[in-house]
Amino acid sequence: RQHPSQCWLLYCDTAPKIHLAPLGVFCFRYPAPDGILCENRGEISGMTAPETLELEPVGAHVLLVTLNRPEASNAFNTVMAWDLIALFERLAVAPNGTRVVVLTGAGDKAFCAGGDLKERKGMTDEAWQAQHLVYERMIRAVIACPLPVIGAINGAAYGGGCELAAALDFVYVSENARFAQTEVRIGIIPGAGGTQTLARAVGERRAKELILSGQMFTAQDAVDWGLANRQCRAEDLLECTLTMAETIAANAPIAVRQAKQAIHKGLQMGLMDGLAFEIEAYNRTVPTEDRREGVLAFNHKRKPLFKGR
């Protein structure tokens, strides 16, 4: 954003303070990593281990990401936003075997309670807007990730937590999940995509009702209105979500990514342009080894072994 005298960007250190630095001396808290996942711990290689995320490989190709601030109902602070940016921007360019991401929250009370208002207490307007630039980049990194990102919504998803759920490719919810876009109750509006992603999920009129009122809605409402795909018992939620993730991960990864891209981008176009985009995505799968392997496996009546190339 343009400052009266220069352009400013935000960074943070380990203390819960907000810092502003001129563009010329901007530095990331987390340097760009060389690799993505350590084999045994699921940490991001080449960078500081995420302070607010727990990363756990599940099987060969699924990454379970847990928002890990249970003492704050997994609310976003600036550090968590940077952690998510570092993770999803790296997954976009170097997935290193990861084919599907599952996102959930620590504990059984909250998926994510939105922005951490304790951190925001007393912020100047300039600091608030600078921090929000980080949140904007975070939600764009999640939406732009070429890998499927599935939510396991295990509890309250309020404010930015509801926006994060709406930004994922699809979500499963526990029976005790609750949702709300509460921003108008504190004098702002959804600013991490909620006016766009929620409206695309539940329709314009329903989104207006929910966003303008700030009212809470249930897991069953989320399923009935199209925000969630499936409701599960709380104790079964993660297993159900991971089972679907592993089903997707077993398919040809290039085809999965191209299908996701065709759906997401195509729905932002007119029908004929969407059809043209679909063919472009389709044509990228034809010369792949995976396409040849899939046809060969079908004819040999065996399970295909996809390599992502």
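All residue numbers refer to positions in the sequence shown, counting from 1. Here the structure is a predicted model, which is why all the values come from computation and not from measurement.
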R120 atom CZ, over 12 foreign heavy atoms within 6.0 Å: yes
Path from V134 to L67 over hydrophobic side-chain contacts below 4.5 Å: yes
Geometric class of the Y135/H132 ring pair [parallel <30°, tilted 30-60°, perpendicular >60°]: perpendicular
More than 12 heavy atoms from other groups under 6.0 Å of CZ on R302: yes
Distance (rounded to the nearest 0.5 Å) between E293 CD and R309 CZ: 10.5 Å
Within one Ile-Leu-Val-Met-Phe-Trp-Tyr cluster: V101 and V62, side-chain cutoff 4.5 Å: no
L237 reachable from L227 in the ILVMFWY side-chain graph, under 4.5 Å edges: no
Test item: E280 side-chain N/O and A276 main-chain N/O as donor-acceptor pair under 3.5 Å: no
Carboxylate-amine/guanidinium proximity below 4.0 Å for K260 and D169: yes
Criterion side-chain contact (heavy atoms from CB on, under 4.5 Å) on W82 and E51, from CA distance to verdict: CA-CA 10 Å; W82 279 119; E51 184 177 325; over 6 Å; no
Rounded distance (nearest 0.5 Å) linking atom SG of C240 with atom CZ of R230: 4.0 Å
Evaluation steps, salt bridge (Lys or Arg N to Asp or Glu O under 4.0 Å), between E89 and R137: CA-CA 10 Å; E89 289 189 352; R137 178 170 165 186; 2.9 Å; yes
Heavy-atom donor-acceptor pair, T104 side chain to A152 backbone, under 3.5 Å: yes
R178 side, atom CZ; C162 side, atom SG - distance, nearest 0.5 Å: 13.0 Å
Verdict with reasoning, K307 to D290, per side-chain contact (heavy atoms from CB on, under 4.5 Å): CA-CA 7 Å; K307 298 180 179 178; D290 283 351; 4.3 Å; yes
Considering all heavy atoms, the nearest V171-A165 contact: CG1-O, 3.5 Å
Set of residues satisfying side-chain hydrogen bond (donor to acceptor under 3.5 Å, both in side chains) with respect to R257, sequence neighbours excluded: none
In one Ile/Leu/Val/Met/Phe/Trp/Tyr side-chain cluster, 4.5 Å: V100, L84: no
R292 atom CZ: more than 12 heavy-atom contacts under 6.0 Å: yes
ring-ring contact (aromatic ring centres under 6.0 Å, His included) partners for F306, two or more places apart: none
Crowding at CG, N299 (>12 non-hydrogen neighbours, <6.0 Å): yes
Straight-line distance of L103 CG to C112 SG, nearest 0.5 Å: 9.0 Å
Under 3.5 Å: donor-acceptor pair, side chain of N74, backbone of R69: yes
R206 and E209: CA distance, side-chain angles, deciding distance, salt bridge (Lys or Arg N to Asp or Glu O under 4.0 Å) verdict: CA-CA 5 Å; R206 182 72 69 184; E209 177 187 22; 3.1 Å; yes
Spatial distance of atom CG (L275) from atom CD1 (I279) [nearest 0.5 Å]: 7.5 Å
Derivation of the salt bridge (Lys or Arg N to Asp or Glu O under 4.0 Å) call for E204 and K208: CA-CA 6 Å; E204 178 184 350; K208 285 177 178 176; 2.6 Å; yes
Mutual orientation of the aromatic rings belonging to W225 and F217 [parallel < 30°, tilted 30-60°, perpendicular > 60°]: tilted
Polar contact flag, side-chain donor to acceptor under 3.5 angstrom, T66-E56: no
Under 3.5 Å: donor-acceptor pair, side chain of D83, backbone of T52: yes
Exercise: do T285 and Q258 side chains pair donor with acceptor under 3.5 Å: no
Any donor-acceptor N/O pair, H61 side chain to G97 backbone, under 3.5 Å: yes
Donor-acceptor pair, side chain of R200 and main chain of Q196, under 3.5 angstrom: yes
Donor-acceptor pair, side chain of N68 and main chain of A106, under 3.5 angstrom: no
Single-linkage hydrophobic cluster, 4.5 Å side-chain cutoff, V173 and V102 together: no
Flag if over 12 foreign heavy atoms under 6.0 Å of CD, Q220: yes
No-hydrogen, no-angle side-chain donor-acceptor test under 3.5 Å, N176 and S174: yes
Side-chain (D221) to main-chain (T218) donor-acceptor, under 3.5 angstrom: yes
Nearest-0.5 Å distance, CD1 of residue I150 to CE of residue M244: 7.5 Å
Backbone of Q215 reached by a side-chain donor or acceptor of S213 within 3.5 Å: yes
Polar side chain donor-acceptor pair, Q131 to Q129, under 3.5 angstrom: no
Expected output: side-chain T288 to main-chain R291 donor-acceptor under 3.5 Å: yes
